[in-house]
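To start, the structure under review is shown below, and the notes come after it.
Residue numbers run from 1 in the order of the sequence given.
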Amino acid sequence: MFAVGATVAAASDSGGSGSSGTSSRAPGRYSPDAGFARDMAVHHQQAVEMSFIVRDRTEDEPVRSLAYDIANTQANQRGMLLGWLDLWGLPKVIADEPPMSWMAASDGEAGGEAGGEAGTGGDGGHHGHDMGAAKPGALMTGMATKEELAALGAARGRDAEVLYLQLMTDHHKGGVAMARGCARQCATPAERALAQGMVEAQQSELTLMADMLKQRGAAPRG
């Protein structure tokens with residue numbers, strides 16, 4: 001809890017200069033900083049949900065341990081992201097904001113109009129095109145559909161393990177792409193650092209999950 005609070009405070013401090021705090025230099029409503037926080041919080045919530053599902057459907061300790069680690073890590077990171085939105089005085093949900101639209105800002109926008117405003121109160125990136133290649137029925141890239149979640153909930157034993165590892169592999173690939181986008185575009189140093197940490201950790205887990213699938217005579221989908 002202390003670590004989460006310290007990280008959230010660091011993001012608050014980095015948003016302003018001197019004693020101004022976040023009041024004058026908080027990220028804008030549609031900035032990459034805010035968009036990433038909103039979208040990744042939703043993305044992480046599904047990973048936590050899938051991890052709790054599989055822990056009740058297998059006795060395999062390596063899978064249960066991985067699921068616990070993912071659930072714990074991503075729940076804590078989700079708390080940081082939502083905490084930053086609170087500190088910045090920004091909504092956690094925006095009805096007219098397509099998922100991942102914050103990633104659509106071109107390099108020119110990031111360096112010009114959006115770059116000048118995204119981290120300091122502007123709305124850069126809101127008018128770009130949605131860059132997500134989400135499959136039908138999924139909210140964002142890598143996320144599972146309701147049907148896939150239902151299938152995971154109905155599976156048991158090895159079938160549950162394999163499906164979880166496949167779904168989480170897809171989920172991590174989508175998460176890595178989003179985190180890389182924030183590492184490039186977000187203006188808040190603490191948030192960029194968190195995003196880069198997500199990239200590194202989830203890439204490591206992708207390698208681990210590929211090995212675990214191979215041990216079970218399966219492979220990542222696609």
Exercise. Working to the nearest 0.5 Å, report the span between CZ of Arg180 and CD of Gln203.
Key: 4.5 Å

Self-check item: Exercise: identify the closest heavy-atom pair between Thr188 and Pro27
Solution: OG1-CG, 3.8 Å

Exercise. Identify whether Val48 and Met40 are in the same connected component of the hydrophobic contact network (ILVMFWY, side-chain heavy atoms under 4.5 Å).
Key: no

Quiz item: So Val54 and Met168, side-chain contact (heavy atoms from CB on, under 4.5 Å) or not? Walk me through it.
Solution: CA-CA 11 Å; Val54 79; Met168 193 58 71; over 6 Å; no

Quiz item: Is a donor on one side and an acceptor on the other found under 3.5 Å between the side chain of His171 and the backbone of His43?
Solution: yes

Quiz item: Which is it for Met209 and Leu206 under the side-chain contact (heavy atoms from CB on, under 4.5 Å) test, yes or no, and what are the steps along the way?
Solution: CA-CA 5 Å; Met209 290 190 290; Leu206 281 169; 4.1 Å; yes

Quiz item: If Ile, Leu, Val, Met, Phe, Trp and Tyr residues are connected whenever their side-chain heavy atoms lie under 4.5 Å apart, and connections chain through other members, are Leu139 and Met100 in the same group?
Solution: yes

Practice problem: Output the distance between atom CG (Leu66) and atom CD (Glu161), rounded to the nearest 0.5 Å. | Solution: 11.0 Å

Practice problem: Could you tell me the separation between the CZ atom of Arg158 and the CD atom of Gln215, rounded to the nearest 0.5 Å? | Solution: 12.0 Å

Quiz item: When rounded to the nearest 0.5 angstrom, what distance separates CD in Gln166 from CZ in Arg221?
Solution: 6.0 Å

Quiz item: With sequence neighbours left out, which residue pairs that include part of residues 69-102 fulfil the disulfide (SG to SG under 2.5 Å) condition?
Solution: none

Quiz item: Donor-acceptor pair, Arg192 side chain versus Ala187 backbone, under 3.5 Å?
Solution: yes

Exercise. Take the angle between the ring planes of Trp102 and Phe36 and call it parallel below 30°, perpendicular above 60°, tilted in between.
Key: perpendicular

Quiz prompt | Distance-minimising heavy-atom pair for Ile94 and Pro91 | solution = CG1-CG, 3.7 Å

Quiz item: What's the shortest heavy-atom distance between Arg64 and Thr58, and which atoms?
Solution: CD-O, 3.3 Å

Quiz item: Out of curiosity, does Tyr68 fall in the hydrophobic cluster containing Met198 (side-chain heavy atoms, cut-off under 4.5 Å, transitive links)?
Solution: no

Quiz item: Should Val63 and Met212 be marked as a side-chain contact (heavy atoms from CB on, under 4.5 Å) after you check the CA-CA gap, both sets of side-chain angles, and the distance that decides it?
Solution: CA-CA 8 Å; Val63 171; Met212 293 175 74; 3.7 Å; yes

Self-check item: Residue pair Leu82 / Ala41: nearest heavy atoms and the distance that separates them
Solution: CD2-CB, 3.8 Å

Self-check item: Closest approach of Ala195 to Ala183 (non-hydrogen atoms, all atoms of both residues)
Solution: CB-N, 4.0 Å

Quiz item: With the 4.5 Å side-chain cut-off for hydrophobic clustering, are Val199 and Met103 part of the same group?
Solution: no

Self-check item: Short side-chain to backbone donor-acceptor contact, Glu97 and Gly35, under 3.5 Å
Solution: no

Quiz prompt | Ile70 vs His172 side-chain heavy atoms within contact, under 4.5 Å | solution = yes

Quiz item: Linking I/L/V/M/F/W/Y whenever their side-chain heavy atoms sit closer than 4.5 Å, directly or via other members, would Leu149 and Met143 fall into one cluster?
Solution: no

Quiz item: Do Gln46 and Met140 have side-chain heavy atoms sitting under 4.5 Å apart?
Solution: no

Practice problem: Answer yes if the side chains of Glu49 and Gln45 hold a donor-acceptor pair under 3.5 Å, and no otherwise. | Solution: no

Practice problem: Begin with the C-alpha distance, continue with both residues' side-chain angles, and end with the deciding distance and a verdict on side-chain contact (heavy atoms from CB on, under 4.5 Å) for Leu165 and Arg216. | Solution: CA-CA 10 Å; Leu165 292 168; Arg216 290 160 180 77; 4.2 Å; yes

Exercise. Indicate the atoms forming the closest heavy-atom contact of Tyr164 with Ser51, along with that distance.
Key: OH-OG, 2.8 Å

Quiz item: Can a salt bridge be assigned to the pair Lys92 and Asp86 using a cut-off of 4.0 Å between side-chain N and carboxylate O?
Solution: yes

Quiz item: How long is the span from the OG1 atom in Thr73 to the CZ atom in Arg78, to the nearest 0.5 Å?
Solution: 15.0 Å

Exercise. Can you measure from NE2 (His44) to CG (Leu81) and round to the nearest 0.5 angstrom?
Key: 6.0 Å

Quiz item: If only atom types and distance count, is the side chain of Arg38 paired as donor or acceptor with the main-chain N or O of Val93 below 3.5 Å?
Solution: no

